[in-house]
Trainee: 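The structure's right below; bear with me while I get my questions together.
Sequence lines set the chain letters: A, B, ... in the order given, protein chains first and strands last, and positions in each chain run from 1. Computed from a predicted structure; not experimentally measured.
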Amino acid sequence: MSDSPSLSRLPDTQSLLDTLEQHLRQEIASRQLTDPVMIGIHSGGVWVAEQLHQRLNISKPLGKLDITFYRDDFSQVGMHPQVQASQLPFTLEGRDILLIDDVFYTGRTIRAALNEIFDYGRPAQVLLGVLIERDGRQIPLRPDCVGGTLTLSAGRRIKLTGPNPLALSVHEVRQEPA
Amino acid sequence: MTTANDLQLNDRGQLRHFLSVEGLPQALLESIMDTAESFASVTEQTVKKVPLLRGKTIVNLFFETSTRTRTTFELAAKRLSADVLNVNIATSATTKGESLLDTIRNIEAMHVDMFVVRHAQSGAPHFIAHHVAPHISVINAGDGRHAHPTQAMLDVFTIRKHKGDFTQLKVAIVGDILHSRVARSEIHALRILGTREIRVVGPRTLLPAGIESLGVKAYYDLDSGLEGVDVIIMLRLQRERMNGAFIPSEHEYYARFGLTGKRLAQAKEDAIVMHPGPINRGVEIDSKVADGSRSVILQQVTHGIAIRMAVMSMAMRHDSGEKMA
């Protein structure tokens with residue numbers, strides 16, 4: 001299929017990180033954010049955020065969000081195994097937040113993440129950065145900054161493995177969840 | 001006759017009901033504790049709840065009075081965003097002659113999703129789990145002398161947080177073992193987790209005959225029972241369940257089996273003191289010990305909420321679970 005890149009044609013994660021970093025810097029500058037905090041979404045988003053946190057010299061320690069308890073598919077699939085506690089070592093009230101994930105697909109993860117963030121406090125603004133955006137949005141949310149974009153057929157998923165090294169791979173999935 | 005595990009696990013080994021710790025795989029107990037651990041951050045939120053069980057209705061069905069267990073189950077359910085209905089049967093329709101099954105059928109008809117059951121009769125939650133509609137889960141919140149699985153899980157969770165590896169630990173359970181469903185469930189949980197040594201300590205009248213068959217060592221003397229242990233679990237003297245002459249007097253019981261600072265010195269220096277509550281100060285434990293630096297009694301209460309959140313969210317029915325069942 002023409003829209004399904006082979007492994008060799010998948011973008012290099014380092015150049016995606018470079019592009020994402022650049023876009024984040026531009027966005028931080030244009031929004032005049034002076035001391036933003038960064039939150040990565042478990043687990044791929046945390047790996048990406050760890051790199052960006054260093055590159056952007058964020059002063060506060062990195063926040064980590066596990067959105068399991070906020071997912072919208074609990075009534076279909078039940079509890080996801082291997083939940084981690086969210087760690088947000090700062091108050092969110094009134095803060096500027098750089099929210100980082102690895103892949104933006106349907107938008108449901110970000111919906112869950114935003115709900116969880118707002119249960120911790122009311123941030124001033126949230127900026128979403130993702131390593132890669134693929135097609136298939138199901139709700140009206142979009143990332144502000146992306147490292148790259150990709151078109152995949154519905155039966156395929158892109159996955160980030162890591163943290164050392166970070167690598168993207170594409171998998172066939174037998175069944176798409178509703 | 002179906003075993004408890006036929007009832008409480010689905011064909012993928014996931015919790016359907018939570019009736020007893022006995023016979024559950026170690027991995028499942030660990031998964032309950034890991035999930036409880038992950039709920040810890042919820043109390044740090046400004047909004048201290050997660051939307052996991054939004055739209056679900058949980059009924060606390062208490063045929064026997066309880067404050068701590070019922071309130072922590074209620075709070076756990078509310079932190080999961082479930083709707084909670086407290087039915088205190090001791091003051092309800094069963095006293096007007098309604099049968100247990102009729103009570104269950106009536107509450108079922110109100111479209112509920114989970115029963116949390118406490119009953120003075122051993123086996124009542126199993127009976128209910130056996131007869132409820134397939135979409136309803138049952139959690140045992142203490143049945144007769146049989147089991148109190150969430151209490152056992154919060155106790156081992158507390159031990160794990162303080163001591164880590166169970167295979168290195170000596171644990172003493174002290175007091176009224178005979179009437180204690182807590183002790184029974186704790187012994188099963190500790191064994192499943194591979195605890196090095198489990199001791200039960202108490203007067204002969206309060207240690208059931210053949211208790212050694214559960215894999216524990218019996219001690220009839222407190223000092224020797226506490227020697228070198230890492231964890232001391234004190235049990236409440238259940239006066240309300242005592243019809244016969246089990247102990248000469250509370251005063252004498254305290255003199256022989258009450259945990260005082262001096263007694264505590266027999267245990268390891270960093271031993272922790274636990275008690276499922278409610279405490280009888282001056283009967284099984286000295287106030288100074290109960291309120292002392294080694295006591296983790298109030299942490300147990302806090303951990304009880306996280307454990308109950310874990311068990312309720314893991315046992316709640318979901319669509320694919322229904323299809324597979």
Trainee: With B:R118 as the cation and B:F62 as the aromatic partner, state whether NZ or CZ is under 6.0 Å from the six-membered ring centre and within 45° of the axis.
Mentor: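 No cation-pi geometry.
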Trainee: Just so I know, are the side chains of B:V50 and B:L80 near enough to count as touching, which here means a heavy-atom distance under 4.5 Å?
Mentor: yes
Trainee: Which pair of heavy atoms, one from B:R317 and one from B:I136, lies closest together, and at what distance?
Mentor: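 Heavy atoms only, the tightest pair is CG-N, 4.2 Å.
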Trainee: Check A:R134 against A:S153 and note the closest heavy-atom contact, atom names and distance.
Mentor: NH2-O, 3.5 Å
Trainee: Do the side chains of B:K163 and B:D230 get close enough for a salt bridge, i.e. N-O under 4.0 angstrom?
Mentor: no
Trainee: Does anything in residues 31-42 of chain B reach chain A? List residues with heavy atoms under 4.5 Å apart, or say none.
Mentor: B:T35, B:E37, B:S38, B:F39, B:S41
Trainee: Is the shortest distance from a Lys or Arg side-chain nitrogen in A:E133 or A:R142 to a carboxylate oxygen in the other one below 4.0 Å?
Mentor: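 A:R142 and A:E133: salt-bridged.
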Trainee: With B:F157, which residues qualify under ring-ring contact (aromatic ring centres under 6.0 Å, His included), at least two apart?
Mentor: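 Applying ring-ring contact (aromatic ring centres under 6.0 Å, His included) to B:F157 gives B:H303.
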Trainee: Using only heavy-atom distances, determine whether the side chains of B:D155 and B:Q151 contain a donor-acceptor pair under 3.5 Å.
Mentor: yes
Trainee: For A:T91, is it the side chain, the backbone, both or neither that has a heavy atom under 4.5 Å from a heavy atom of chain B?
Mentor: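 Neither part.
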Trainee: Non-hydrogen atoms of chain A under 4.5 Å away: do they reach the side chain of B:K48, the backbone, both or neither?
Mentor: neither
Trainee: Kindly write out the residues that satisfy side-chain hydrogen bond (donor to acceptor under 3.5 Å, both in side chains) with A:D101, not counting sequence neighbours, or none if the list is empty.
Mentor: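 Partners of A:D101 under the side-chain hydrogen bond (donor to acceptor under 3.5 Å, both in side chains) test: none.
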Trainee: Taking heavy atoms only and a threshold strictly under 4.5 Å, list by residue number the residues of residues 117-129 of chain A that touch chain B; give 'none' if the list is empty.
Mentor: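 Result: A:D119, A:Y120, A:G121.
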Trainee: In this structure, which one of B:V132, B:I58, B:N60 forms a side-chain contact (heavy atoms from CB on, under 4.5 Å) with B:F115?
Mentor: B:V132
